[in-house]
Amino acid sequence: PALFMENARKGSIVSRANSIGSTSASSVPNTDDEDSDYHQEPYKESYKDRRRRAHTQAEQKRRDAIKKGYDDLQAIVPTCEQQDFSIGSQKLSKAIVLQKTIDYIQFLHKEKKKQEEEVSTLRKDVMALKIMKVNYEQIVKAHQDNPTESKDQVSDEVKFNVFQGIMDSLFQSFNASISVTSFQELSACVFSWIEEHCKPQTLRDIVIGVLHQLKSQLY
C-alpha cells in the first residue's frame, strides 16, 4: 500500500507539471509572427528626420556651389594658373585665389583706363588730321581756281637753300656744344644743346635771319 500511494503521488505531480507547462506555453506570445509583421510594415520617416536630411542636402549643395565658384576663378584668372614658387605644388587656398582675383581685377581697371586715354589721344589726332585735310583741300581748290598764281611759287632749290641755312646755323651751335668723348657724355650734351639752342624763340630767330638773307640774295 505504501508503494502504491508513492507511485500515485508521483503520477499526480507529473500530471500537474504537464498541465502547467502546456498552460505556460499557450500563454507565451507568438514572437515570430509579431516579428514578421513588424518587418513587413514600411518605415515611416519622421518630420525631424526629413528636416535633417533636407538641411544636409542644402548644405552640401551650398558647398558644391562655393567649390565650383573657386574652381571657375582659378580657371579664369591667369595669375592663378601660374606656378607660385612660395607654395610649391600645393593647391591654392581660397584666400590666395581671392587675393589673386582682386589683383587681376585692379590690373584690368588700370589697363582699361590706359586704353581709354589712348583712344582719347587718337581721337584728337584724327580730329587734327581732318582739319589739316580740309585746309589742304581749300589750298588745292584755290590754286585750281587761280592757276596764274603758280608762277610766284618758289623752286625746290630755294626751299633747299632755306633748309640748308637753318641746318648750318644749328650745326654751328651743335658742333660747339657737343662732346664725343663717350656715348654717355654725347647723350648728355645733346639734351643740353636741345634745351639751350632749340627753344621756339631761338628757332624763330634763326629762320627769320635765313629768310632775310635769302630775300636779299634773290631781290
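Source: prediction; values computed, not measured.
- Here CD of E195 is found 8.5 Å from CZ of F191. Values are rounded to the nearest 0.5 Å.
- Following chains of ILVMFWY side-chain contacts shorter than 4.5 Å, one cannot reach I102 starting from V77, and the two form parts of different hydrophobic clusters.
- Contact of the K124 side chain with the S120 side chain is registered, since non-hydrogen atoms from C-beta on lie closer than 4.5 Å.
- Residue pairs meeting the salt bridge (charged side-chain N to carboxylate O under 4.0 Å, His left out) criterion with at least one member in residues 53-67, sequence neighbours excluded: E45-R53, E59-R62, E59-R63, K67-D71.
- Follow the hydrophobic side-chain contacts under 4.5 Å out from F160 and you never reach L211; the two are in separate clusters.
- Using a 4.5 Å heavy-atom threshold, the side chains of Y70 and T101 count as separate.
- Annotation for I66 and K94: closest pair CG2-NZ, 4.2 Å, computed over non-hydrogen atoms.
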Side chain to side chain contact (heavy atoms under 4.5 Å, CB included) between W193 and N175, intermediate numbers included: CA-CA 10 Å; W193 172 77; N175 190 35; over 6 Å; no
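- In this structure, L203 and I166 have side chains that are not in contact, with every pair of non-hydrogen atoms separated by 4.5 Å or more.
- Remark: R123 CZ is loosely packed, at most 12 non-hydrogen atoms of other residues, nucleotides or ligands lying under 6.0 Å away.
- A salt bridge is defined here as a Lys NZ or Arg NE, NH1 or NH2 lying under 4.0 Å from an Asp or Glu carboxylate O, and K133 with E137 meets this definition.
- More than 12 heavy atoms of other shown residues, nucleotides or ligands fall within 6.0 angstrom of atom CD in E111.
- Here Q138 contributes atom CD and K141 contributes atom NZ; the two are 9.0 Å apart, rounded to the nearest 0.5 Å.
- Residues T202 and H197 share a closest heavy-atom pair of CG2-O, 3.4 Å.
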Candidate pair Q201 and D205, rule side-chain hydrogen bond (donor to acceptor under 3.5 Å, both in side chains), full reasoning: CA-CA 6 Å; Q201 183 62 37; D205 294 340; 3.2 Å; yes
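- With hydrophobic clusters built from ILVMFWY side chains whose heavy atoms lie under 4.5 angstrom apart, F171 shares a cluster with M167.
- The distance from the OG1 atom of T121 to the CD atom of E116 is 12.0 Å, given to the nearest 0.5 Å.
- Looking at S187, its side chain does come within 3.5 Å of a backbone N or O of F183 through a donor-acceptor pair.
- The structure places CG of L92 at 12.5 Å from CD of Q99, a figure rounded to the nearest 0.5 Å.
- The hydrophobic cluster containing L98 also contains I96, counting ILVMFWY residues as joined when their side-chain heavy atoms lie under 4.5 angstrom apart, directly or transitively.
- Annotation: the span from D103 atom CG to C80 atom SG amounts to 9.5 Å, rounded to 0.5 Å.
- Taking the salt bridge (Lys or Arg N to Asp or Glu O under 4.0 Å) definition, one finds that R204 meets it with nothing, sequence neighbours left out.
- Between the S177 side chain and the S173 main chain, a donor and an acceptor come within less than 3.5 Å of each other.
- Checked by atom type and distance alone, the side chain of T56 pairs as donor or acceptor with a backbone atom of R52 at under 3.5 Å.
- A single hydrophobic cluster is seen to contain both F174 and V180, as judged by linkage of ILVMFWY side chains at heavy-atom distances under 4.5 Å, directly or through other members.
- With values rounded to the nearest 0.5 angstrom, C189 atom SG is found 10.5 Å from Q184 atom CD.
- The side-chain heavy atoms of K68 and D72, taken from C-beta on, include a pair separated by under 4.5 Å.
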